[in-house]
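What follows is a single structure, written as structure tokens, with notes after it.
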Amino acid sequence: MILFLQFILATIIIFPIIAFILTLIICRKFKLKKHKAIGLASDVTTVILLFSVPVAIRSLWGQSIWILMLVVLLILAIIFTYLDWRTKKEIEVQPLLKKIWRVYFLLLSIAYFTVWIIGMTHSVVIFMMID
């Protein structure tokens, strides 16, 4: 049973799109509106992408980027908070956190798919050089 759970968890970390689709399907079954379902699915996937991107980069290049990634995410949060404060003068925490979290989703998704494409290209090049 533990091996099965490890397999499921590893699969979701390697393929976060599965978590996105599963969350979207579950939300739609519970009759959530489409935009709410997509928002919740992206929120769940963001948590998974926070682990997937460093794992993918570490497996490809052998470099740990945890600290760099956390620093970039923190700087983005500071920038968004500053911009929100400059435009509104009073910070509404929940909408600000939602905006920051969604930007994290977009950036981590782009990073994940970029690393994935680079990894696939690298594997094809290695395969072609062997033959």
Side-chain angles (χ1 to χ4, degrees):
M1 183 66 177
I2 291 176
L3 287 175
F4 178 72
L5 291 176
Q6 286 176 337
F7 173 76
I8 296 295
L9 185 62
T11 302
I12 289 175
I13 288 176
I14 292 171
F15 301 110
I17 189 93
I18 294 172
F20 183 84
I21 293 169
L22 285 176
T23 307
L24 193 60
I25 290 169
I26 291 168
C27 288
R28 295 300 286 158
K29 292 287 182 192
F30 283 109
K31 306 291 186 206
L32 267 101
K33 293 180 183 173
K34 189 173 184 177
H35 69 280
K36 292 276 188 187
I38 291 173
L40 184 60
S42 68
D43 291 343
V44 169
T45 307
T46 303
V47 173
I48 296 168
L49 284 168
L50 284 170
F51 295 101
S52 295
V53 172
V55 166
I57 289 174
R58 179 140 182 120
S59 68
L60 243 147
W61 293 293
Q63 298 290 322
S64 178
I65 63 154
W66 284 102
I67 301 292
L68 177 64
M69 188 179 80
L70 292 176
V71 167
V72 168
L73 295 178
L74 184 61
I75 289 171
L76 280 172
I78 291 169
I79 291 169
F80 272 91
T81 304
Y82 177 76
L83 292 174
D84 203 44
W85 172 72
R86 294 290 289 172
T87 57
K88 296 180 183 174
K89 297 295 183 197
E90 188 167 329
I91 298 173
E92 296 177 30
V93 176
Q94 190 171 4
L96 175 64
L97 291 176
K98 188 175 182 180
K99 187 186 319 178
I100 292 169
W101 196 249
R102 298 290 163 82
V103 169
Y104 288 171
F105 171 74
L106 291 174
L107 291 176
L108 289 169
S109 295
I110 291 168
Y112 180 79
F113 286 114
T114 302
V115 170
W116 189 79
I117 289 170
I118 290 170
M120 292 298 289
T121 305
H122 182 262
S123 295
V124 168
V125 168
I126 295 295
F127 179 75
M128 296 301 283
M129 291 176 69
I130 291 174
D131 286 341

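All figures in this text were calculated on a predicted structure; none of them were measured in a lab. All values below were derived from every heavy atom in this structure, side-chain atoms included, with hydrogens, water molecules and symmetry-related copies excluded.
Follow the hydrophobic side-chain contacts under 4.5 Å out from Ile67 and you never reach Val55; the two are in separate clusters. In this structure, Leu70 is not a member of the same hydrophobic cluster as Ile110, with clusters built from ILVMFWY side-chain heavy atoms closer than 4.5 Å. Hydrophobic clustering (side-chain heavy atoms under 4.5 Å, transitive across Ile, Leu, Val, Met, Phe, Trp, Tyr) groups Met69 together with Leu60. Both Leu76 and Leu108 belong to a common hydrophobic cluster when Ile, Leu, Val, Met, Phe, Trp and Tyr are linked at side-chain heavy-atom distances under 4.5 angstrom. Linking Ile, Leu, Val, Met, Phe, Trp and Tyr residues whenever their side-chain heavy atoms come within less than 4.5 Å leaves Phe15 and Ile26 in two separate clusters.
In this structure, CZ on Arg28 lies 8.0 Å from CD1 on Ile38, to the nearest 0.5 angstrom. Expressed to the nearest 0.5 Å, how far CG of Leu24 lies from CD1 of Ile17 amounts to 10.0 Å. Expressed to the nearest 0.5 Å, how far CD1 of Ile126 lies from CE of Met128 amounts to 12.0 Å. The CD atom of Gln63 sits 11.0 Å away from the CG atom of Leu68 when rounded to the nearest 0.5 Å. Atom CG in Leu50 sits 8.5 Å away from atom OH in Tyr104 (nearest 0.5 Å). Distance CD1/Ile13 to CD/Gln6: 11.0 Å, rounded to 0.5 Å.
Residue Thr23 comes nearest to Ala41 through the heavy atom pair CG2-CA, 3.6 Å, listed as atom of the first residue, atom of the second, then distance. Nearest heavy atom pair, residue Arg102 against residue Ser42, reads NE-OG, 3.5 Å. Between Thr81 and Ile91, the shortest heavy-atom contact is CG2-CD1, 3.7 Å. Considering all non-hydrogen atoms of both residues, Ala19 and Ile48 come closest at CB-CD1, 3.2 Å. Residues Asp84 and Thr87 come closest through the heavy atom pair O-OG1, 3.2 Å. Shown here for Ile12 and Ser52, the closest heavy-atom pair between the two residues is O-OG, 4.4 Å.
The aromatic rings of Trp85 and Tyr82 lie tilted to each other, with the angle between the two planes from 30° to 60°.
When the options Ile118, Val124, Ile117 are evaluated for a side-chain contact (heavy atoms from CB on, under 4.5 Å) with Thr121, the one that passes is Ile117.
In Trp101, the CH2 atom is crowded: over 12 heavy atoms of neighbouring residues, nucleotides or ligands sit closer than 6.0 Å. With a 6.0 Å radius and a threshold of 12 heavy atoms from other residues, nucleotides or ligands, Leu74 has its CG atom above the threshold.
Side-chain contact check for Phe51 versus Trp66: some heavy-atom pair is nearer than 4.5 Å. Put simply, the side chain of Leu107 does not reach to within 4.5 Å of the side chain of Val72, judged on heavy atoms.
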